[in-house]
Amino acid sequence: MVSALLALLLAAAPPDRPALTVAGDRVLVALPPSILKQKEVRARLDSALTTTFIVKTKDSNARIEIRYDLWDEVYRVKRVDAEGRVAQQQIANAAQLEAWWRTPVEIARLAGDRAALDLELVVLPFSAADESDARQWLSKSGGTRDPSIDSKSVIDALIGTTLSARPIVSYRWSLEARR
Amino acid sequence: MRTLLTIVLIVIAATAVFYAAVHQIAGLWLDVVLRPDVRGVIEQSLLDQKRLRDLDPANAARYRRRFEETGRLMNHIDVVAMNRERVLRRFEAILAALFAASLFTATFLWTARQRRAEERRRAEQLARLTAWQEASRRHAHEIKTPLTAARMEIDRLASLSAPSEETRHAIDSVYEELERIAQFTKEFSSFAMIGQPVLRAEELDRLLIEFRDMFANAWPNLTLRVDAPPHVVVSADRDLLRQVLVNLCTNSAHATEGSGTVTFTITRAGDRVLLDVADSGGGVPPSIQARIFEPYVTTRKIGHGMGLGLAISRKILLDHGGDLALLSTSPAGSTFRLTLLYARADTAAARDRVTR
């Protein structure tokens, strides 16, 4: 009873601040695991869709994708840092996921001795690939199967601009790191 | 402008009704897919595939393939469910826009077609009356020439040595018959000689008030009334328009037993001005209603009018770019509608601008 109440309180509390570290001329950010415990995020992580975390600064973006594979019952994760480097792996359970989540990701390059960043984290309920698949599926449902008839384009126009991943939650922090 | 405004208002009203109807039913097709029990069946199917894998490991690949297909379907449903309101709103808006565009186009085309049909009908009427007019002109000319010669011969005969009483009587009788033919030809000529209107910007309300005052005693059994807003300016030939009003009032006077009224009412209809002339006479007999504007159609006895008044009046209105129509008729009275073109009166140039 007490642990359930504690979990509820944790889920409702705002997440901790991310930690910035500097490695050489690279600025790395480690996102707090409390984000994964947020109620809105937790609910999405166990769906079969790819929950997408976009880490934005003024000049660059990094992306983290987490999808729960219902067949193998593992988390398939992907990390794309600010330089475009991609790292993928599969994770067996939530505890390991939390550990992996703590790994810093490169978010910017350091120009001087000090980095001051306005960081925004946007959590999307599904990825661009999920969105594209769903568009095609719905477009096939609404459009004609006769290729000689162009009514499909109307449906495409409809679906193309309406099916999109709106953030389920977003956070902003002003962070600072020194060499 | 008013027609366009009317079309727009109709389209807006119809689209609002359509939108409300679509709003009620549009969610159905999406909700069929998004029903919780549909998702429940899909989830169960996923679990079943996994159970089958455990029970039949040899075919695990096949179950996995099915599992992934079903999983993708569930993902699609989840994505659509998250966008349900937006998809529906857009769907309704697109349907409503297509509906409004179709309705507007259809209404616009229908109105344009009506206008073209009306113009064609007017042109045909004008051509027919012009043909009648030409025939009348020729007939009048053909009659006048021998009539003049016959008169001269009779004058010469009368001027010869004193005729006998019997001859005198015969000459007077011939004079009388020639006079009847002359009168007949005069009426004939009046139709043939309708002039083309010289159009000017005229204040119709003022013209009617002047007409009412000028002709107050012209038809002893009629009281003339004017119900008109001020400063309604039309493009008209004052003299010809007055001739039309005289013709209509003359007909009304004949159709009214005892005393009656003729009421002039003015209304604006877009670029047209409608002048309704309503009397309290006995109405137009059904047998001639369809042909009432054709020449020589009359209810009067032979020798009491040739039935040219309404034909002349309509010809005058058609020449104005307007029309004359029998709006309604009953034993309680008839209403004729004169359609005239509205003219702007805000500049002195208006009078000069309005031309044929």
Side-chain angles (χ1 to χ4, degrees), chain A residues 40-52 65-76 90 122-144 149-169, chain B residues 22 26-35 38-39 42-54 57 59-99 101-102:
Chain A
E40 303 89 341
V41 179
R42 185 73 254 165
R44 298 310 323 160
L45 284 180
D46 289 337
S47 77
L49 291 166
T50 307
T51 309
T52 305
E65 295 180 356
I66 302 174
R67 183 171 72 83
Y68 187 64
D69 187 324
L70 294 171
W71 179 262
D72 292 326
E73 297 180 358
V74 295
Y75 290 100
R76 297 193 186 282
Q90 63 181 50
V122 177
V123 184
L124 302 173
F126 50 84
S127 66
D130 293 331
E131 183 182 302
S132 173
D133 283 353
R135 280 182 185 178
Q136 281 185 12
W137 174 73
L138 198 59
S139 151
K140 274 182 196 164
S141 311
T144 172
I149 302 171
D150 198 27
S151 68
K152 190 167 169 285
S153 59
V154 177
I155 304 297
D156 284 344
L158 164 68
I159 302 308
T161 52
T162 51
L163 280 191
S164 63
R166 281 170 296 164
I168 50 176
V169 66
Chain B
V22 165
L28 284 176
W29 66 271
L30 207 51
D31 288 338
V32 166
V33 177
L34 302 180
R35 281 171 66 110
V38 171
R39 198 177 194 287
I42 292 172
E43 283 175 358
Q44 187 57 50
S45 169
L46 291 174
L47 289 174
D48 289 346
Q49 299 300 324
K50 287 174 78 173
R51 282 200 194 107
L52 284 168
R53 172 194 63 182
D54 297 339
N59 287 311
R62 196 175 64 176
Y63 298 131
R64 179 172 192 143
R65 203 165 47 248
R66 285 187 189 163
F67 181 93
E68 285 174 351
E69 284 171 6
T70 313
R72 273 199 296 277
L73 179 62
M74 191 173 71
N75 285 351
H76 297 154
I77 290 174
D78 284 350
V79 169
V80 172
M82 280 185 260
N83 287 274
R84 180 186 180 280
E85 291 307 315
R86 295 179 73 197
V87 169
L88 282 182
R89 273 203 304 275
R90 185 64 60 87
F91 180 71
E92 289 162 7
I94 286 181
L95 278 188
L98 287 173
F99 175 79
S102 308

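If you're wondering where the values come from, they're calculated on a predicted model, not measured in any experiment. Proteins come first, then strands; the chains are lettered A, B, ... in the order of their sequence lines, and each starts at number 1.
- Shown here are the side-chain hydrogen bond (donor to acceptor under 3.5 Å, both in side chains) partners of B:E85, two or more places apart in sequence or in another chain: there are none.
- By a heavy-atom distance cut of under 4.5 Å, A:D69, A:L70, A:W71, A:D72, A:E73 are the residues of residues 65-75 of chain A near chain B, going up by number.
- Side-chain contact check for A:S164 and B:R86: at least one donor-acceptor pair (N or O, by modelled atom type) lies under 3.5 Å.
- The side-chain contact (heavy atoms from CB on, under 4.5 Å) search around B:L88 returns B:A26, B:W29, B:L30, B:R84, B:E92, not counting sequence neighbours.
- Looking at B:M82, both its backbone and its side chain come within 4.5 Å of chain A, counting heavy atoms on both sides.
- In this structure, the side chains of A:S47 and B:M74 stay at 4.5 Å or more apart for every pair of heavy atoms.
- Applying the side-chain hydrogen bond (donor to acceptor under 3.5 Å, both in side chains) rule to pairs touching residues 65-77 of chain B yields B:R64-B:E68, sequence neighbours excluded.
- A:L163 contributes atom CG, which lies 5.0 Å from atom CG of B:N83 (distance to the nearest 0.5 angstrom).
- A heavy-atom distance below 4.5 Å is not found between the side chains of B:V79 and A:W137.
- For B:R62, the CZ atom is densely surrounded, since the number of other residues' heavy atoms within 6.0 Å is greater than 12.
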